[in-house]
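In this text, all values refer to a predicted model and were calculated from it rather than measured experimentally. All ligand and atom numbering here is 1-based and tracks the order in the structure.
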Amino acid sequence: MPHYERYDSTQIKKSKEKKERAKAKAGKGNIEQADTQFVIKKANETTGIVIETRYNEATILYNGNLITARLKKGINAVCNQTVFPGDIVVIGEEKQGEYYINNLIARKNVLSRTKKDSTRNSPNAGNSHNIAANIDMAVIVVSAKTPPLHPKFIDRYLMILQDNDIDCAICLNKSDLKTEEDEKVLDIYRKIKIPVIETVAMDRTGIEELKDILRGKQAIFVGHSGVGKSSLTNALMDTDEIKTSHVSEKSGKGRHTTTSSKYYIWDENSSIIDTPGIRSLDISNFKPNEIQEYFPEFEDWGGRCKYSNCLHYKEPVEGCKVKQAVKAGIISRERYESYDRILQDVINEKSRDDDEDR
Ligand SMILES: Nc1nc2c(ncn2[C@@H]2O[C@H](COP(=O)(O)OP(=O)(O)O)[C@@H](O)[C@H]2O)c(=O)[nH]1
Ligand SMILES: [Mg+2]
Ligand SMILES: [Zn+2]
C-alpha cells in the first residue's frame with residue numbers, strides 16, 4: 001500500500017500564520033476599504049443572502065423573495081467588488097420600493113481568483129478578486145476529453161481551497177468520454193482521500209451521488225469553462241433553464257455563457273454557486289516553503305532531506321528524499337510536477353513583488 005494512504009488530506013497541518021491570514025481575509029472582504037461605517041454584524045431576521053451581483057446592485061434572497069438592493073447610501077464602492085454570492089447581508093427598511101444593503105455579516109471564508117485572471121466580460125475586469133463567500137464545500141469540476149483533464153489545475157485548486165479551510169471534492173463530468181489516462185489521474189486523488197465523483201450531466205449518471213455529498217451545504221462549482229458546471233447545476237435543479245455553453249470543436253474550450261457567479265438553492269439548506277470559467281487562482285500569498293504543506297504525501301520524506309529547509313526544487317536529487325521517492329514511483333510524478341510548477345510560479349511572483357517594492 002502506498003505510504004500516502006495514511007494521510008487524510010482534509011487534515012492539512014497549516015502554520016498558525018497562514019490560518020490567521022485566511023481568517024483576516026474572510027472577515028474583512030473589501031468592506032472596510034469601502035466604508036468604515038459598514039460594520040460587520042451578527043445574522044438576524046433582517047438578513048438576506050446574496051444570489052448574484054452586478055456593478056451597482058445585487059439580487060438578494062430576502063424573506064423568501066428575490067429583491068434587488070444597492071449598497072447603502074454613502075458607501076462609495078462598486079457592488080460586485082463589495083459583496084459576493086453566498087454573503088449574508090443586512091437589508092434596511094424598504095423606502096419607496098427600494099432596498100439597501102446596510103451591513104455585511106462576518107464571513108466564514110471567501111474564495112478569490114488571481115489578479116491576472118480577470119473575466120473578459122466583467123465590467124470590473126482586473127479589479128475584483130473575490131468569487132464567493134461562506135462556502136462549505138467546493139467541487140472542482142473537470143471533464144474527460146473536452147477540455148481534457150489536467151492534474152496541475154486540480155492541485156492549484158486544492159491548495160487554495162485547503163488554505164481557505166474549504167472542504168473539496170472532485171467531479172469528473174462527461175465520464176461518458178473517460179479514458180484510461182483519466183482514470184489514473186483520478187486515482188492520484190482517491191489515494192490522498194479526496195472524494196471523487198463521476199457524472200454525466202445529460203443523462204443524470206452520478207447526480208444522486210453528487211447530491212449526497214452536497215446536501216445541507218453551501219457549495220460551489222469551480223473549474224474551467226466548458227467542463228459542465230452549468231449542466232450539473234441544471235441537473236441538481238432538475239431544470240434545463242440555466243444557460244450552458246457551446247464547446248468549440250477547435251479549442252475544446254467552452255465559450256463563456258456564464259459571466260458571473262450565481263447562487264441556486266436546489267434543496268432545503270442546500271445550495272450551489274455556479275461560476276464562470278476560472279483559469280487560475282491567486283497563489284501570491286503563499287511562501288515557497290509553505291507549498292509542500294499542501295502535498296501531504298511528501299511529509300514522510302521531506303523531513304529526511306539533506307538540508308532541513310529543502311524545497312525539493314533545485315536541490316540535487318542525491319540529498320533530496322522527496323525527489324528520490326518520485327524517482328522510485330512512491331510519490332506520484334504528476335503531483336510532484338504540479339508542486340514544482342506551483343513553486344516556480346510562487347517564486348516568480350515573489351521576485352516580481354520585490355521589484356515593485358523598490
Ligand atoms: N458528453 C458530455 N457532454 C456534456 C456533459 N455535460 C455537459 N456537456 C456539454 O459540455 C458543454 C459545456 O457545458 P456547460 O455546462 O456549459 O459547461 P460550463 O462552462 O462548465 O458551465 C455543453 O455543450 C454541454 O452540452 C456530459 O456529461 N457529457
Ligand atoms: Mg457555465
Ligand atoms: Zn528535498
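The shortest N/O to N/O separation between G228 and ligand 1 falls below 3.5 Å. The N/O atoms of K174, backbone and side chain alike, include one that comes under 3.5 Å of an N/O atom in ligand 1. Checking only distances, N173 does come within under 3.5 Å of ligand 1, N or O to N or O. Between L177 and ligand 1, no pair of N/O atoms sits closer than 3.5 Å. Ligand 1 has a nitrogen or oxygen under 3.5 angstrom from a nitrogen or oxygen of K229.
Here the angle at the Zn ion (ligand 3) defined by SG in C310 and SG in C305 stands at 110°, rounded to 10 degrees.
Here the side chains of D87 and I105 are not in contact, with every heavy-atom distance at 4.5 Å or above. Residues Y313 and D340 have side chains in contact (heavy-atom distance under 4.5 Å, counting atoms from C-beta outward). Residues V90 and L104 are not in side-chain contact: their nearest non-hydrogen atoms beyond the backbone lie 4.5 Å or more apart.
Of all the atoms in ligand 1, the ones that sit under 4.0 Å from a non-hydrogen atom of V200 are 27 (O). Of all the atoms in ligand 1, the ones that sit under 4.0 Å from a non-hydrogen atom of V227 are 17 (O), 20 (O).
There is no side-chain donor-acceptor pair under 3.5 Å between S261 and E52. Between D155 and Y294, the side chains place no donor N or O within less than 3.5 Å of an acceptor N or O (distance only, hydrogens not considered). Checking Y99 against E93 by side-chain atom types alone, no donor-acceptor pair falls below 3.5 Å. Remark: the R54 side chain and the T59 side chain contain an N/O donor-acceptor pair separated by less than 3.5 Å.
Here the options are V141, V227, I272, the test is side chain to side chain contact (heavy atoms under 4.5 Å, CB included), and the partner is L232; only V141 passes.
When the heavy-atom distances from atom 7 (C) of ligand 1 to S225, S231, A235 are ranked, the shortest goes to S231.
With a heavy-atom cut-off of 4.0 Å, D176 touches ligand 1 through its side chain alone.
The N, O or S atom of H312 with the smallest distance to the Zn ion (ligand 3) is ND1.
Within the coordination shell of the Mg ion (ligand 2), defined by N, O or S atoms under 2.8 Å, S230 is present.
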